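Everything numeric in this text was worked out from a predicted model, so none of it was measured. Residue numbers start at 1 and run along the sequence shown.
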Amino acid sequence: MAGKNWQAGGGIMIPAGIVLCLAVSFWAVSVSGFGSSLVQYFEAAGPDVISDAVLGGLVIGSFLVAIGLWVVSTLRRFKRSQLRRNAFVSSALNNLKQGVVITNPRQRIVFLNDRYLEIYGLSRSDITPDMTGRDLLELRRQRGKLNVSVEEFREQAGKPEGMVTELPSGQSVHVKHFSLANGGSVATHEDCSEQRELSRQLASTKQFLESVLENVPVCVAAKSIEDGRYIFANRAFERFSRFSRDFIIGKRADEIFTPDTAASIEAADRAALSAPESQFRNEFMVERGSKKRVLASSRVIARNDRNEPEFLIALFDDVTEHRLLSYELENTKKFLELVIDNVPVSLTVENPRDGRYLLANRSAEAILNRRREEVAGLTAAEIFNEREAKLIVARDQAAIKKRKALTEEHPISTKDGLRLFLTRRVTVLDEAGEPQYLIKTHEDVTDRRQTESRMAHMAYHDGLTDLPNRAAFLQALTQMIEACTEAGEEFAVLSIDLDGLREVNDVFGHATGDKLLIEVAQRMQASARGGVVARLSGDEFGLIIDGKQPIAGMLLAEQLAETMAKEIQIDGKSVRTGVTTGISIFPHNGTDAASLLANAGAALSRAKAKSRGTISIYEPEMDQQIRDRRVLHQDLSIAIKNGEISLYYQPQASSRQVADNGQIIGFEALARWRHPVRGFVPPSDFIPLAEESGLIFEMGQWILREACREAASWPVPLQVAVNLSPAQFMHGDVVSLVHSILLETGLAPGRLELEITEGVLIEDFDRGLALLRRLKGLGVRISMDDFGSGYSSLSYLQAFPFDKIKIDRAFVMNLGRNPQSAAIVRAVIGLGHGLEMSIVAEGVETQEQLSFLAEEGCDAVQGYFIGKPLPIDQYDALIGRPVTNAVSDATGPARKTG
């Protein structure tokens with residue numbers, strides 16, 4: 001190869017060859033033909049001629065030499081020029097960024113530059129003088145620098161776009177092959193790795209940005225400034241406008257939206273163009289279908305490199321719901337402020353760090369002694385006197401330190417005097433767990449505590465005589481047992497029955513009978529000499545007396561008999577009565593309260609059996625009563641199986657309308673037992689026996705099913721009340737039972753009222769409360785029976801929303817005669833109505849009682865004055881059935897049943 005790149009024997013040697021050929025030819029001619037003639041000529045000529053010929057030959061030879069020298073010089077100059085030109089071209093091609101390969105018409109390589117060798121990792125020694133383009137490609141395939149066949153390479157590289165080959169090093173080479181007019185070829189090889197990487201990055205970035213714009217929940221659109229036509233719209237824009245992207249692109253706003261909406265959009269566009277920073281935010285109304293929506297829009301003007309507006313980018317979001325929520329939030333805030341300002345308890349909020357008040361409602365003005373607007377920013381020391389402020393701050397700090405709710409009761413001086421307040425302190429923590437607010441409520445509980453005190457007294461005292469009741473008597477009896485057990489002493493329990501009370505009620509009325517009971521209670525207390533006197537039931541009293549027994553007990557019983565035998569004047573009437581007494585002795589006749597009282601009762605029964613007015617001391621033989629009780633239990637079990645138990649119904653009426661012929665609102669179902677031998681057995685005898693023996697479950701199920709079945713058949717849809725005993729309620733699946741009976745009988749749940757006593761909740765409060773809530777969930781009504789006779793009725797009212805409260809008949813009996821009973825009944829009515837519960841008064845037997853209850857707002861009444869417990873056919877007219885001639889079979893007041 002000449003130089004670096006060109007082949008030997010090139011075109012630069014051709015002129016010298018021609019001249020040399022001419023000279024040789026001329027010499028040959030001379031030697032051959034012309035030379036022989038010339039010799040002959042010289043042989044004939046003379047010396048002058050030969051001399052002239054030699055001289056002429058010298059001249060001609062010199063001329064020819066001169067011509068040859070000129071030709072050689074010219075050829076050398078041409079060669080040097082050609083070499084410089086080749087060196088320039090070679091240098092230029094070797095400094096290209098692309099690799100170059102040139103072949104001649106015979107496909108032999110006449111040139112390839114250094115860049116080509118560098119790209120493919122070849123050296124000059126790898127290139128042979130006669131190497132063809134195919135040979136070069138095969139060499140690259142052997143070296144792993146060509147990933148396609150030679151034919152595929154030539155086919156693809158010869159296309160206008162060329163081809164890209166991937167090298168093992170990761171390089172990408174863009175090859176283009178061009179054919180020359182003389183049959184040769186030129187190929188360029190360009191390393192495009194960086195360009196392709198940039199292209200991939202650009203494509204990835206573009207794809208990422210398009211994905212982001214496509215998936216952002218905000219509508220994004222771009223339009224040309226020049227004609228206002230959309231050039232881009234994302235998926236959110238499609239969803240909002242309800243038009244496809246293909247429809248949106250290329251259109252103006254007035255071609256897509258309604259005229260009003262388009263006008264709003266164009267106005268926002270103009271505002272963005274004229275904005276100082278080429279940004280504009282606003283909210284405007286648009287129409288979408290038949291609805292109007294509020295859009296929050298942000299517009300940005302994109303400018304070119306000459307700072308000329310080119311595109312407008314709009315981002316907007318539908319904030320209709322947000323605005324509605326904001327409106328609702330504002331209304332809610334106003335509502336809460338109104339509620340807080342009018343809650344019936346004093347409420348304040350303090351900053352726990354500096355103790356300054358942040359908020360106070362109107363009710364708080366009573367304890368702050370100033371207007372609520374004046375409180376903000378003040379501390380307790382600036383509001384209260386020094387002693388009160390110190391106490392308040394100490395309690396506040398204790399609540400903040402414990403970080404839990406604290407409740408206490410303490411008196412506070414108000415304009416109405418010293419009142420008792422229930423104060424609750426709650427510390428509200430921030431996200432870091434540090435105290436943020438101290439909320440305090442102050443509730444005036446003065447009246448409530450007074451009522452609770454009265455109710456607590458009611459729970460342990462008889463409403464008529466104000467003597468301790470059975471619960472208080474048993475408690476006192478237990479305490480007496482403990483004291484005497486330690487001291488080794490005796491005491492007597494007297495069970496006293498007042499003789500003739502029923503006759504007094506029948507002859508003179510219950511009012512006189514009640515006054516008689518009050519007088520008897522006073523005489524017993526006067527005679528007891530410090531002993532405990534209690535009213536155990538209607539005409540039964542209990543008494544505890546210490547001392548030498550049974551002498552002390554007998555003496556007291558005789559004294560009571562003597563005292564009661566004296567004439568009693570009541571309202572100008574002369575009334576006489578007497579007492580029958582049974583006595584048991586501790587510890588001989590029992591070592592627990594129940595045994596002593598039961599044995600005293602057994603002795604009383606023995607005394608009654610002998611004669612009214614006698615005194616009997618318990619003897620072991622009286623255990624026969626227990627045996628009789630067992631017999632009665634067996635008879636009761638048979639009676640339940642044989643269907644001897646029946647239901648009587650006592651009407652309940654609206655107290656305000658009963659005077660005008662009455663309005664019956666429902667009936668209470670009461671169990672009755674007609675014994676084949678004994679006749680009617682009082683419920684007070686067989687219901688406790690059923691509860692003790694467990695027969696109450698079977699009997700209670702029958703009573704509930706029968707009452708629901710009967711009520712479901714009434715033409716007039718009145719309510720029916722059924723009493724559930726604590727044993728039945730707490731030891732069976734009463735919810736499932738009620739549900740199944742309602743489904744079985746078809747009685748509407750709202751017509752069934754289940755009456756319970758607080759005994760239901762005493763045994764297991766949490767379980768009882770859960771059962772009540774499940775029953776309430778069935779749709780039945782829940783009533784608290786005998787309200788006031790227990791000791792914790794108020795707490796139960798607070799824990800469960802009863803539908804109805806039934807005032808115990810003991811409080812109703814003395815209405816009109818005992819101011820305390822009137823006050824208690826009035827308080828219960830007010831309490832019930834305050835808790836949104838209706839009130840029913842039991843035991844109404846006089847017009848005076850009814851009038852009082854109606855005036856005080858009692859909702860309903862029940863008692864002999866309204867109607868006795870009778871078979872339901874006696875009340876056919878009230879339940880909407882044709883009236884029958886059934887015979888009345890009332891049996892008087894009865895013990896409630898489950």
Rounding to 0.5 Å, atoms CG (L122) and NZ (K145) come to a distance of 8.0 Å
message = A cation-pi test, strictly: NZ or CZ of K223 under 6.0 Å from the centre of the six-membered ring of Y230 and no more than 45 degrees from its axis. Yes or no?
response = yes
I'd like to know if the side chain of N234 reaches the main chain of V220, judged simply by a donor and an acceptor atom lying under 3.5 Å from each other, with no hydrogens or angles considered. yes
To the nearest 0.5 Å, atom CG of L136 lies from atom CD of E138 at 10.0 Å
### Query
Hey, does the side chain of H189 reach the backbone of V101 with a donor-acceptor pair shorter than 3.5 angstrom?
no
OG of S149 to CD of E155, rounded to nearest 0.5 Å, is 8.5 Å
Correct closest heavy-atom pair for N113 and G99 would be OD1-CA, 3.4 Å
Distance-only side-chain donor-acceptor flag, S185 / T103, under 3.5 Å: yes
Q: For F247, look at atom CZ and say whether over 12 heavy atoms of other residues, nucleotides or ligands are found less than 6.0 Å away.
A: yes
So CD of E409 and CZ of F421: to nearest 0.5 Å the spacing works out to 11.5 Å
| query | When you look at CD of E373, are more than 12 heavy atoms from neighbouring residues, nucleotides or ligands closer to it than 6.0 Å? | reply | yes
- Message: A side-chain contact here means heavy atoms from C-beta on lying under 4.5 Å apart; do I225 and I301 qualify?
- Response: yes
Q.
If you take the centroid of each ring, where Trp contributes its six-membered ring, are F237 and F243 closer together than 6.0 Å?
A. no
Taking atom types as modelled, is there a side-chain donor on D260 or T258 under 3.5 Å from an acceptor on the other? no
Donor on one side chain, acceptor on other, R299 and S297, under 3.5 Å: yes
Q) So, does T261 use its side chain to make a donor-acceptor pair with the main chain of F257 at under 3.5 Å? A) no
(Q) Taking A399's backbone N and O only, do any of them form a donor-acceptor pair with T427's side chain (distance below 3.5 Å, no angle check)? (A) yes
(message) Quick one, H177 and R154 - any side-chain contact, counting heavy atoms below 4.5 Å?
(response) no
query: Quick one: do the T132 and Q107 side chains pair a donor with an acceptor below 3.5 Å?
result: no
Stepwise, does the side-chain contact (heavy atoms from CB on, under 4.5 Å) test hold for L378 with R356?
-> CA-CA 5 Å; L378 299 180; R356 297 191 179 277; 5.7 Å; no
Does the cation-pi check pass for R140 over F153, that is, NZ or CZ under 6.0 Å from the six-membered ring centre and within 45° of its axis?
-> yes
In this structure, CZ of F232 is separated from CD1 of I248 (nearest 0.5 Å) by 10.5 Å
Review point. Does R372 reach the main-chain N or O of A360 with its side chain, forming a donor-acceptor pair under 3.5 Å?
Key: yes
Candidate pair S346 and E443, rule side-chain contact (heavy atoms from CB on, under 4.5 Å), full reasoning: CA-CA 6 Å; S346 301; E443 183 181 1; over 6 Å; no
Please check if the number of heavy atoms outside R281 that lie under 6.0 Å from its CZ is greater than 12.
no
Donor-acceptor pair, T446 side chain versus L420 backbone, under 3.5 Å?
-> yes
Evaluate side-chain contact (heavy atoms from CB on, under 4.5 Å) for L137 paired with R134, printing each intermediate quantity in order. CA-CA 5 Å; L137 291 174; R134 176 179 286 275; 5.6 Å; no
- [ ] Find out whether E408 and L422 are in side-chain contact, i.e. whether some heavy atom of one side chain is under 4.5 Å from a heavy atom of the other.
- [x] no
- request: Could you please spell out the steps behind the side chain to side chain donor-acceptor pair (under 3.5 Å) verdict for E166 and S172?
  value: CA-CA 5 Å; E166 302 288 342; S172 299; 2.8 Å; yes
- [ ] Using a cut-off of 6.0 Å, state whether more than 12 heavy atoms not belonging to E308 lie near its atom CD.
- [x] yes
message: Against the six-membered ring of F384, is K390 placed for a cation-pi contact (under 6.0 Å from the centre, within 45° of the normal)?
response: no
Requested in this report: Check whether any side-chain heavy atom of T348 lies under 4.5 Å from a side-chain heavy atom of L359, and answer yes or no.
Outcome: no
Compare all side-chain heavy atoms of N369 with those of I367 and state whether any distance is below 4.5 angstrom.
no
Does D191 reach the main-chain N or O of V173 with its side chain, forming a donor-acceptor pair under 3.5 Å?
no
When you compare the side chain of Y357 with that of V349, does any pair of heavy atoms fall below 4.5 Å? no
In short, S123 meets L117 closest at the heavy-atom pair O-CD2, 4.0 Å
E190 backbone acceptor or donor facing K176 side chain under 3.5 Å: no
Output for pair (K440 NZ, H442 NE2), nearest 0.5 Å, gives 4.5 Å
task = Mark yes or no for whether E255, through its side chain, and R252, through its backbone, hold a donor-acceptor pair below 3.5 Å.
result = yes
For L167 and I119 the tightest heavy-atom approach is CD1-O, 3.8 Å
N385 and E388 have their tightest heavy-atom pair at OD1-N, 2.8 Å
For E161, I'd like to know if atom CD has over 12 heavy atoms of other residues, nucleotides or ligands within 6.0 Å. yes
Margin query: Would you say NE2 of H833 has more than 12 non-hydrogen atoms from neighbouring residues, nucleotides or ligands within 6.0 angstrom?
Written below: yes
side-chain contact (heavy atoms from CB on, under 4.5 Å) evaluation trace for T188 with V175
CA-CA 6 Å; T188 60; V175 183; over 6 Å; no
Practice item. Side-chain contact test, heavy atoms from C-beta onward, threshold under 4.5 Å: evaluate it for Y437 versus L358 and give yes or no. Key: yes
* **Side-chain heavy-atom pair F800, K776 within 4.5 angstrom cut-off** => yes
For R370 and V375, the nearest pair of non-hydrogen atoms, with its separation, is CG-CG2, 3.9 Å
Under 3.5 Å, side chain of D430 to main-chain N/O of E434, donor-acceptor pair present?
yes
Smallest heavy-atom separation, A233 atom then I249 atom, equals N-CD1, 3.9 Å
